[in-house]
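Just below is one structure, and these are the notes that go with it.
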2 protein chains.
Amino acid sequence: MNRCESCIVKEFNSLKALTRDELMRISSCKTGKLFKKGEIIFEEGEILNGVFCVKDGVCKLSKLSENGKDQVVKLVVKGGLLGKRSIVSDETTNLSAVALNDMEMCFIPKSEIMADLKKNPNFTLDVLQKMAGDLRDSEDTLVDMAQKPVKQRIAETLLYILDNFGTDEDGYLSIVISREDYASIVGTATESAIRILSHFKKEGFISTSGKKIKIEEPKALKWIQ
Amino acid sequence: MNRCESCIVKEFNSLKALTRDELMRISSCKTGKLFKKGEIIFEEGEILNGVFCVKDGVCKLSKLSENGKDQVVKLVVKGGLLGKRSIVSDETTNLSAVALNDMEMCFIPKSEIMADLKKNPNFTLDVLQKMAGDLRDSEDTLVDMAQKPVKQRIAETLLYILDNFGTDEDGYLSIVISREDYASIVGTATESAIRILSHFKKEGFISTSGKKIKIEEPKALKWIQ
DNA sequence: ACAATTACATAACAAATATCATATTTAAAA
DNA sequence: TTTTAAATATGATATTTGTTATGTAATTGT
C-alpha cells in the first residue's frame, strides 16, 4: 500500500467502508504536488474542487481574523487531509492552508470521492463519523480558548504536539514551528508566547536547540494553570 | 405538517432526502417531554440514544471547563436538534444541555434515524453537509474567541441573537438570558459582561427593560472592536 | 405580603496580557 | 563570507480582564 492510500485510510477509516478497487482508484494520485516552506496551498474564500493529502511535511490550517491576525485552527501532517469539508459543501473554504516546511502532497478531485459518497452508504457514514469527531474537537478547543489562560494553552499545545506528532531521535518535538506560529495557535501576541516559552525554559520544563523544543517535564506542563 | 416534522426538516433539509413516509415515521414523536427553566436535559459524559427536538423554548449547549466555569457553545431554539452527533458516534456527549426557559421537546430514538442513515445515502449526505456547516461555524467561533476582545464578542453576540432569533413585538431580543449566560457565551467573568452591557447602555447602543434587551444602534455595535 | 434568595450593578484593586521599544541571536541572501 | 533580514529575547508600560467586596433591585417561595 502506497503512502497515498494510507492517508485516505487514516482519515476515513475506509478499509472497512471502501472496497479495494474503490480505494485503489481514489488513491491513484495522478496529481502530486510539491510546496515549499511558507507557500500557500489554498486561501480562505477559494472554492476547492478536491482534497489535498499530505504525503510529507507539515502545514497549518488557519483563518485571518478581522484584526489582521492569523489564527491557526489545526496542524496537519503526513496522512492528513486538507479541504475535507469542500467535498460535501460547495461553499468557499473558511480556512487557508500554508506549508510550515517543504511538503509533498497529492490532490484528489472532488468528483472521484463524490461518486463513492453517493454509491456507498457505509463510506458516507464513515465520513460522517469523522466529521462528527472533528466537530467535537473544535468545540473542545473553543472552550479551552475561552476559559484557559495563555500559559496553560501554550503548555497544552506543547503536550498536544508531543502526543500527536512525537519526537525526533534526540527527543525534540518532531514538528518545528516558529514562536509566531505558537502565538497564533493559542491566540496571543508573539511576545507573550516567547515570554512564556522562555519562562518554561527557565523553570526547566522544556529545553531548546535553535527552534527545536524538547519537553523535559511533561508532568509539570500538565499541572500548569 | 406538525412542528416536530418541521424540526427535522430544518436541521436536515430532509424534504428532498427523505420520503414522506420516512419523515412521518421519524416525526411520530411518541415521547414528548417538558423541561422547566434551569432543568438539565442531558449532561456531559452521558451516552445519548437519540436526538431531542426543540418544539418550544430555548436551551444552551455548554461544556464545563476545568476551572469549573461553564462555556456555552450554542443556543438552540424551536426547530433545532440536540445530540445530533450521538446519532453517528457512540461516544459520550461532550456537551451538557440546560433549559434557559420552560421548554417543550420531543425525543427521537437513535434507532429510528440510523435505519434511514444506512438505507438512504441522500439523507446521509444531507446530514453530512449539515455537520460540515456546524464544523465551519465552530471553527469561525474559535477564531473569534481567540482573537477578539471581550467587548467585541459581546457586541457580536447581541447582533447574532438579533439576526438569528429576532425580536418580540416591542423590539426586544426574543431570547432573554441572564448576564451570567452572556458571560459564559463569550467566555468572560459575569461582572465583566455586566460592566460592558452597562457601558453599551450608557452609550445608547442598547436599552433594557428588566432582563430584556433592545438593540438601538446595531451599526454602533458592529463597529466596536 | 413578606422574607429569602438570586440577579444585577458598581467600584477598587490585582492579575494577565498587549503594546512599544530595543537588543541579541539566528537564519537567509548576496 | 559578509551582509541583511528575520526571529528570538527582554524590559517598561499601557490596557484589558478578573477578583473581591458591597449594595441595590428583582424574583421566588412561603
Side-chain angles (χ1 to χ4, degrees), chain A residues 36-39 65-71 98 100-102 144-155 157-158 172-173 176-203 206-214 224-225, chain B residues 36-39 60 65-71 98 100-102 144-155 157-158 172-173 176-203 206-213 224-225:
Chain A
K36 285 183 185 167
K37 179 181 175 180
E39 204 172 338
S65 175
E66 284 164 29
N67 62 13
K69 282 180 193 163
D70 220 33
Q71 175 66 36
V98 176
L100 292 179
N101 47 39
D102 292 352
D144 288 346
M145 282 293 180
Q147 299 284 355
K148 294 179 178 173
V150 176
K151 194 183 282 185
Q152 191 176 4
R153 300 209 298 267
I154 290 191
T157 299
L158 290 169
Y172 290 95
L173 292 180
V176 178
I177 58 179
S178 69
R179 305 293 195 253
E180 191 181 4
D181 284 325
Y182 275 103
S184 90
I185 288 173
V186 303
T188 191
T190 305
E191 294 92 328
S192 297
I194 290 173
R195 213 186 306 267
I196 288 167
L197 286 171
S198 298
H199 172 249
F200 287 168
K201 203 159 68 175
K202 216 167 282 171
E203 298 286 328
I206 65 173
S207 62
T208 60
S209 168
K211 291 176 69 167
K212 291 188 297 180
I213 294 177
K214 185 190 290 187
I224 280 171
Q225 54 165 359
Chain B
K36 285 181 184 166
K37 179 181 175 182
E39 206 172 337
K60 62 178 175 185
S65 175
E66 284 164 31
N67 63 12
K69 282 181 195 163
D70 220 33
Q71 174 66 37
V98 175
L100 292 180
N101 46 39
D102 292 352
D144 288 346
M145 282 292 179
Q147 299 285 355
K148 294 179 179 173
V150 176
K151 192 182 285 187
Q152 191 176 4
R153 301 209 297 267
I154 291 192
T157 298
L158 291 170
Y172 290 96
L173 292 181
V176 178
I177 58 179
S178 68
R179 307 292 197 249
E180 191 180 4
D181 285 324
Y182 275 104
S184 90
I185 289 172
V186 304
T188 191
T190 305
E191 294 87 338
S192 296
I194 290 173
R195 201 183 355 228
I196 288 167
L197 287 172
S198 298
H199 168 71
F200 287 169
K201 203 159 66 176
K202 215 167 282 171
E203 298 286 328
I206 65 174
S207 62
T208 60
S209 168
K211 291 176 68 166
K212 291 188 296 179
I213 294 177
I224 280 171
Q225 52 166 356

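A, B, ... follow the sequence lines: proteins, then strands. Residue 1 opens every chain.
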| said: In this structure, how many angstroms lie between the P atom of dG18(D) and the CG atom of Asn67(B), rounded? | reply: 11 Å
| message | Measuring only between side-chain heavy atoms, which start at C-beta, is Phe200(B) closer than 4.5 Å to Ile154(B)? | response | yes
| said: My understanding is that only one of Asp102(A), Leu100(A), Val98(A) makes a side chain to side chain contact (heavy atoms under 4.5 Å, CB included) with Lys37(A); could you say which? | reply: Asp102(A)
| task | Taking only the side-chain nitrogens and oxygens of Ser198(A), find out if one of them lies under 4.0 Å from OP1 or OP2 of dT10(D). | result | yes
| note | Glu180(A) atom CD is separated from dT8(D) atom C1', nearest whole Å, by 11 Å
| Sidechain-backbone polar pair: Gln225(A) side chain, Gln152(A) backbone, donor-acceptor under 3.5 Å | no
| field | Under 3.5 Å donor-acceptor, Arg153(B) side chain and Lys148(B) backbone | value | yes
| query | Ser178(A) has a side chain; which of dC8(C), dT8(D), dT17(D) sits nearest to it? | reply | dT8(D)
| query | Is Ser192(B) near enough to dT16(D) that one of its side-chain N or O atoms lies under 4.0 angstrom from OP1 or OP2? | reply | no
| Candidates dT19(D), dC20(C), dC8(C) - which lies nearest the side chain of Ile194(B) | dC8(C)
| query | How many Å lie between NZ on Lys148(B) and C1' on dT17(D), as a whole number? | reply | 19 Å
| task | Using atom CD of Gln225(B) as one end and atom P of dA18(C) as the other, report the distance to the nearest whole Å. | result | 16 Å
| request: Figure out the NE2/C1' separation between His199(A) and dG11(D), and round it to whole Å. | output: 16 Å
| note | Between Gly210(A) and Lys211(B), whichever has its closest DNA chain D nucleotide further toward 5' is Gly210(A)
| Considering heavy-atom distances to DNA chain D, does Thr208(A) or Lys37(B) have its closest nucleotide positioned more toward the 5' end? | Thr208(A)
| query | dA9(C) phosphate, OP1 or OP2: any side-chain N/O from Lys201(B) under 4.0 angstrom? | reply | yes
| message | Please classify the nucleic acid contact of Thr190(B) as base, sugar-phosphate, or nothing, using heavy-atom distances under 4.0 Å. | response | nothing
| said: Without decimals, in angstroms, what is the distance between Glu191(A) CD and dA23(C) P? | reply: 16 Å
| Check against side chain to side chain contact (heavy atoms under 4.5 Å, CB included), Leu158(A) and Leu173(A) | CA-CA 8 Å; Leu158(A) 290 169; Leu173(A) 292 180; 4.1 Å; yes
| Has Lys69(A) got a side-chain N or O lying under 4.0 Å from the OP1 or OP2 atom of dT19(C)? | yes
| query | Atom CD1 of Ile206(B) and atom C1' of dA9(C): how far apart are they, to the nearest Å? | reply | 13 Å
| Of the listed nucleotides dC8(C), dT8(D), dA21(D), the one nearest the side chain of Arg179(B) | dC8(C)
| request: Please state whether the phosphate of dT17(C), meaning OP1 or OP2, lies under 4.0 angstrom from any side-chain nitrogen or oxygen of Arg195(A). | output: no
| message | At less than 4.0 Å, is any side-chain N or O atom of Lys202(A) found next to OP1 or OP2 of dA9(D)? Yes or no. | response | no
| said: Without decimals, in angstroms, what is the distance between Ile196(B) CD1 and dA9(C) P? | reply: 13 Å
